[in-house]
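What you see is a predicted model, and the numbers here were worked out from it, not measured in a lab. Values below: all heavy atoms of this structure, side chains included; hydrogens, waters and symmetry mates excluded.
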Amino acid sequence: MFDVKQCLAECEEKMEMSVMHLEETLAQIRAGKANVHILDGIRVNSYGSQVPLNNVSAISTPDSRTIAIKPWDKSMFHVIEKAIIDSEVGIMPENNGEVIRLAIPALTEERRRALTKQCNKEAEESKMAIRNIRRDGIDKLKKAEKEGLSEDLRKDAENDLQKIHDKMVKQIEQLLEVKNKEIMTV
């Protein structure tokens, strides 16, 4: 027997994962303010294995335009600097022997617009993923109807699935609005 609640729960979980992915992606987009999450994608070689930067150093934001990286091992300074230079962060690190500093430059108007376009593109991809998940769920429900699920149950489940879809799209739009506002704030 087909379990409608389980089907809806699976779809909702997949949609939530899509929203979480968008959240992580937007956090890594530089918005003119110091944000430690722009370094999340950087991995460094530590004793023969690739580890995230935050596993070998303390990362903080002493002010709104600076990220400070304090390695726990002094021998990691060069490795961390090279990883930052080779990454897509696009900021030259400054090393004073104690702390590696990243000065976040102010964004130009043109760069702000490009970043909002990038954010909009990421949000649209998440919306497409959510629509695809909804479509797959509806397909499962229609297949289950052919195998004996009542039409009323299928329609109710489709309505519930649509409500979940609408809720997730609203979350995406809220995330996008907050990020765009953050980017466009001078």
Query raised in the report: So, N54 and D40: side-chain donor and acceptor under 3.5 Å apart, yes or no?
Result: no
Query raised in the report: Among side-chain atoms of D73 and S75, is any donor-acceptor pair under 3.5 angstrom?
Result: yes
Query raised in the report: Is there a side chain to side chain contact (heavy atoms under 4.5 Å, CB included) between T25 and H21 once you walk through the steps?
Result: CA-CA 6 Å; T25 304; H21 174 74; 3.5 Å; yes
Query raised in the report: So if you build clusters from Ile, Leu, Val, Met, Phe, Trp, Tyr with side-chain heavy-atom gaps below 4.5 Å, do L53 and V79 land together?
Result: yes
Query raised in the report: With a 4.5 Å heavy-atom cut-off, do H165 and M168 have their side chains touching?
Result: no
Query raised in the report: Is the shortest side-chain N to carboxylate O distance from D166 to K170 below 4.0 Å?
Result: no
Query - Ion pair check, R113 and E109, cut-off under 4.0 Å - result: yes
Query raised in the report: If Ile, Leu, Val, Met, Phe, Trp and Tyr residues are connected whenever their side-chain heavy atoms lie under 4.5 Å apart, and connections chain through other members, are V36 and I38 in the same group?
Result: yes
Requested in this report: Work out which heavy atom in A123 is nearest to a heavy atom in L176; give both atom names and the distance.
Outcome: CB-CD2, 3.9 Å
Query raised in the report: Can you list the steps and then say if E24 with H37 is a side chain to side chain contact (heavy atoms under 4.5 Å, CB included)?
Result: CA-CA 8 Å; E24 291 168 8; H37 292 293; over 6 Å; no
Query raised in the report: Is the number of heavy atoms from other residues, nucleotides or ligands within 6.0 Å of CD (Q162) greater than 12?
Result: yes
Query - From S18 atom OG to M128 atom CE, the distance as rounded to the nearest 0.5 Å - result: 10.0 Å
Query raised in the report: Is there a path of hydrophobic side-chain contacts, each under 4.5 Å between heavy atoms of I, L, V, M, F, W or Y residues, that connects L149 with I138?
Result: yes
Query raised in the report: Say you draw a straight line from CG of N45 to CE of M76; how long is it, rounded to the nearest 0.5 Å?
Result: 7.0 Å
Query raised in the report: Are C11 and D136 side-chain neighbours, meaning at least one heavy-atom pair lies under 4.5 Å?
Result: no
Query - Steps toward salt bridge (charged side-chain N to carboxylate O under 4.0 Å, His left out) verdict (K142, E151) - result: CA-CA 9 Å; K142 286 181 179 175; E151 185 179 348; over 6 Å; no
Query raised in the report: Can we say K74 and E98 salt-bridge, meaning some charged N sits less than 4.0 Å from an Asp/Glu carboxylate O?
Result: yes
Query raised in the report: Measuring from L115:CG to E110:CD, what's the distance to the nearest 0.5 Å?
Result: 11.0 Å
Requested in this report: Enter the distance from S126:OG to K121:NZ here, rounded to the nearest 0.5 Å.
Outcome: 11.0 Å
Report summary line: Between A103 and I91 the two heavy atoms that sit nearest each other are O-CG2, 3.5 Å
Query raised in the report: Where is the tightest heavy-atom contact between I164 and L8, given as atom of each residue plus distance?
Result: CD1-O, 4.2 Å
Query raised in the report: Same cluster for I133 and M20 if Ile/Leu/Val/Met/Phe/Trp/Tyr side chains link at under 4.5 Å?
Result: no
Query raised in the report: So, do R101 and I67 sit near enough that their side-chain heavy atoms are less than 4.5 Å apart?
Result: no
**Report entry** Name of the residue among I84, N55, V51 meeting side-chain contact (heavy atoms from CB on, under 4.5 Å) with V44
**Finding:** V51
Query - Heavy atoms from other residues, nucleotides or ligands near CD of E177 exceed 12 (cutoff 6.0 Å) - result: no
**Report entry** Closest non-hydrogen atom pair, N180 against C119
**Finding:** OD1-CB, 3.7 Å
Query - 4.5 Å side-chain heavy-atom contact, K127 and E173 - result: yes
Report summary line: Given the options E147, E158, E145, E10, K140 meets salt bridge (Lys or Arg N to Asp or Glu O under 4.0 Å) only with E10
Report task. Heavy atoms only: give me the nearest S57-P71 pair and the separation to one decimal. Result -> CB-CA, 3.6 Å
Requested in this report: For the pair L161 and R135, evaluate side chain to side chain contact (heavy atoms under 4.5 Å, CB included) and give the outcome as yes or no after the intermediate values.
Outcome: CA-CA 9 Å; L161 193 55; R135 187 196 61 226; over 6 Å; no
Query raised in the report: D139 and K143: salt bridge (charged side-chain N to carboxylate O under 4.0 Å, His left out), yes or no, with the steps?
Result: CA-CA 6 Å; D139 289 348; K143 184 179 176 189; over 6 Å; no
Requested in this report: Measure the shortest side-chain to side-chain distance between T66 and I104 over non-hydrogen atoms and say whether it is less than 4.5 angstrom.
Outcome: no
**Report entry** Side-chain heavy atoms of M92 within contact of I85, under 4.5 Å
**Finding:** yes
Report task. Would you indicate whether the side-chain heavy atoms of E12 and K167 approach each other to under 4.5 Å? Result -> yes
Report task. Nearest 0.5 Å please: distance from the OG atom of S87 over to the CZ atom of R43. Result -> 13.5 Å
**Report entry** Sub-4.5 Å side-chain heavy-atom contact between V19 and I172
**Finding:** yes
Query raised in the report: Should N95 and I80 be marked as a side chain to side chain contact (heavy atoms under 4.5 Å, CB included) after you check the CA-CA gap, both sets of side-chain angles, and the distance that decides it?
Result: CA-CA 10 Å; N95 178 358; I80 291 172; over 6 Å; no
Report task. Answer yes if L175 and M184 sit in the same cluster of Ile, Leu, Val, Met, Phe, Trp and Tyr residues linked by side chain heavy atoms under 4.5 Å apart, and no otherwise. Result -> yes
Requested in this report: Search all heavy atoms of I100 against all heavy atoms of F77 and return the closest pair with its distance.
Outcome: CG1-CD2, 3.6 Å
Query raised in the report: Measuring from E125:CD to N120:CG, what's the distance to the nearest 0.5 Å?
Result: 11.5 Å
